[in-house]
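Below is one structure, written out as structure tokens; comments come after it.
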Amino acid sequence: MKLFVAAVLMAQLLSCTALVMHPSPVIRLLDCDDPESEAAAWAAVTHINAIQQHGYKHTLNRIESVKVLQRRPAGEVYKLELDLLETTCPALSPTPLEDCPVRPLVEHTVEGDCDVKLLKLDGNFTVLSYNCKSEPDSAEDIQSVCPTCPLLARMNDTQVAEAVDALLQQVNGPDDHVYFLFHEIGRARIWTVPENAVELEFVVVATNCTTQDAKNASDSCVRLSGDDEQYGFCVGTVKADPELNHVNCTASKPKVAASSSSGAHPAPNVNPAAAGHSHHHVHSVHLTSSSGESSSSEMVPPTVDVPPAPPAPPADPTVTNVIVKRSLAAEPIPAVHLPVCPGRKRFF
């Protein structure tokens, strides 16, 4: 019987110890426009743009929410919800984000919603994981400010494909220079007022051929790579009269690829994921546990229960009870900080 009682007591002790060693996470709340929140958000945006290989760079529009959890044995984990806006800089462009204008609303801009998790350790942020969904702004919003402005067209639309062919011929032109291959469509819009026209943004990539070489054997031309790699970022319009077609391209080296398995530059072609859509989705990444992320690490350090004080000895009936009057002052209730979220919109 004594052994049974001892076993029961030991089981209860182990159960209590297990509860003590697994406390609930402690959440620190920040205002969405707090400098600390903004530092984490910009670290996330920088990382997303470094990984992005299709479409356009995105910038921060608004911080929706922020949660900060303690991490064992050191550091903190930041969980943010971010609103991003598309800029006019292609994803492969080396132009710094601060020099990239936000695409105007009337051009049917694309918005991104991202859930991001970052680790802050020794003052530095590291993105553990992120998940983004992007959609063009609503047709109602566009038409409320510009009733005649066209919406984004699908990238595999017949008119769009024909316009790409026409402008690519113009890019390679009659002069003898570097021959470019088509890389991808960035975006397209089809105007009907005041006249029918296809407005295009697309990317080309330089090859080892000249335009004269390509006339004889274009199939043997291959894209340049490594230190010789070069892209052309083109904007043009195709109209019913071919004489009115125009295109302007800016050639440059690509941005430095991110150190990620997805960081290699894609083969020249329409991004298959975007071919049937009107825009390129913000790249969505889920990093594995090798990144150092762990749900069990987002905990406060273990605490130890303080044992209850021993019961007071029974009162001595021979001693007269003495009544002591105490002044009971009201304890001030500590203020609870309620985070101000979502934060301000930087654009629209």
Side-chain angles (χ1 to χ4, degrees), residues 49 52-57 87-96 99-101 103 107 152-191 195-258 263-272 274-275 279-280:
N49 283 325
Q52 189 79 357
Q53 293 296 309
H54 295 284
Y56 297 86
K57 296 183 180 182
T87 72
T88 59
C89 291
L92 293 175
S93 170
T95 304
D99 296 332
C100 295
R103 189 172 297 280
E107 293 185 11
L152 287 172
R154 290 189 177 273
M155 297 181 189
N156 59 355
D157 183 278
T158 302
Q159 277 187 269
V160 172
E162 292 173 352
V164 169
D165 290 339
L167 292 184
L168 187 59
Q169 290 179 23
Q170 193 166 334
V171 168
N172 286 319
D175 298 329
D176 192 17
H177 56 76
V178 174
Y179 180 69
F180 286 91
L181 290 172
F182 171 72
H183 179 70
E184 74 175 15
I185 299 172
R187 57 181 9 241
R189 295 192 299 163
I190 301 174
W191 290 81
E195 60 180 322
N196 187 270
V198 180
E199 181 185 273
L200 276 176
E201 295 181 23
F202 61 102
V203 181
V204 294
V205 60
T207 70
N208 62 344
C209 294
T210 66
T211 52
Q212 293 300 318
D213 296 334
K215 288 180 179 179
N216 300 322
S218 60
D219 291 343
S220 62
C221 298
V222 296
R223 60 181 289 171
L224 298 176
S225 59
D227 293 339
D228 296 324
E229 191 172 28
Q230 187 179 50
Y231 287 89
F233 307 109
C234 305
V235 178
T237 303
V238 172
K239 298 185 177 182
D241 183 357
E243 295 294 326
L244 299 178
N245 293 351
H246 66 86
V247 63
N248 182 46
C249 298
T250 302
S252 71
K253 298 285 187 180
K255 70 180 182 184
V256 178
H265 294 156
N269 206 335
V270 177
N271 177 18
H279 73 288
H280 292 275

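Side chains included, hydrogens not; waters and symmetry mates left out as well; all remaining heavy atoms used.
With no hydrogens or angles considered, a side-chain donor-acceptor pair links Tyr56 and Glu201 at under 3.5 Å.
You'll find the side chain of Tyr179 stays beyond 4.5 Å of the side chain of Val204, heavy atoms only. Counting only heavy atoms from C-beta outward, the side chains of Pro94 and Ser252 approach each other to under 4.5 Å. In this structure, the side chains of Asn248 and Cys234 stay at 4.5 Å or more apart for every pair of heavy atoms. Put simply, the side chain of Thr237 reaches to within 4.5 Å of the side chain of His246, judged on heavy atoms. Annotation: side chain of Phe182 is in contact with side chain of Val164 (closest heavy-atom distance under 4.5 Å). Side-chain contact between Cys249 and Phe233: absent, with no pair of heavy atoms (C-beta onward) separated by less than 4.5 Å. With a 4.5 Å cut-off on side-chain heavy atoms, Phe202 and Leu167 count as touching.
Of the possible polar contacts, one joining the His280 side chain to the Ile185 backbone as a donor-acceptor pair under 3.5 Å is found.
Taking OG of Ser220 as the start and CG of Asp213 as the end, the distance is 7.5 Å to the nearest 0.5 Å. Within the model, atoms CG of Asn172 and CG of Leu181 stand 8.0 Å from one another, a figure rounded to the nearest 0.5 Å. From Cys100, atom SG reaches atom NZ of Lys57 across 5.0 Å, with rounding to the nearest 0.5 Å. Distance check: Thr211 OG1 to Gln169 CD gives 13.0 Å after rounding to the nearest 0.5 Å. Interatomic distance, Glu184 CD to Met155 CE, rounded to the nearest 0.5 Å: 7.5 Å. Rounding to the nearest 0.5 Å gives a distance of 9.5 Å between NE2 of His177 and OG1 of Thr210.
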Quiz item: How far apart are the C-alpha atoms of Leu200 and Val160, what are their side-chain angles, what is the distance that settles it, and do they pass the side chain to side chain contact (heavy atoms under 4.5 Å, CB included) test?
Solution: CA-CA 8 Å; Leu200 276 176; Val160 172; 3.8 Å; yes

Exercise. Show the numbers, then the answer: is there a side chain to side chain contact (heavy atoms under 4.5 Å, CB included) between Leu152 and Arg187?
Key: CA-CA 7 Å; Leu152 287 172; Arg187 57 181 9 241; 3.5 Å; yes

Practice problem: Report the C-alpha separation of Glu199 and Ile190 in whole Å, then their side-chain angles, then the decisive distance to 0.1 Å, and conclude whether the side chain to side chain contact (heavy atoms under 4.5 Å, CB included) test is met. | Solution: CA-CA 6 Å; Glu199 181 185 273; Ile190 301 174; over 6 Å; no

Quiz item: Does the pair Glu107 and Arg189 meet the rule for a side chain to side chain contact (heavy atoms under 4.5 Å, CB included), with working shown?
Solution: CA-CA 9 Å; Glu107 293 185 11; Arg189 295 192 299 163; 4.0 Å; yes

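The neighbour count for Asp227 CG, taken as heavy atoms of other residues, nucleotides or ligands under 6.0 Å away, does not exceed 12.
Under the rule for a salt bridge (charged side-chain N to carboxylate O under 4.0 Å, His left out), the partners of Glu195 that lie at least two apart in sequence or sit in another chain are Lys239. In this structure, the side chain to side chain contact (heavy atoms under 4.5 Å, CB included) partners of Asn208, at least two apart in sequence or on a different chain, are Cys221, Val222, Leu224.
Of all heavy-atom pairs spanning Thr87 and Arg103, the tightest one is O-NH2, 3.7 Å. Nearest heavy atoms, Val238 versus Asn245: CA-OD1, 3.3 Å.
Considering Lys255, Lys253, Arg223, His183 as possible partners of Tyr231, the one that fulfils the side-chain hydrogen bond (donor to acceptor under 3.5 Å, both in side chains) test is Arg223.
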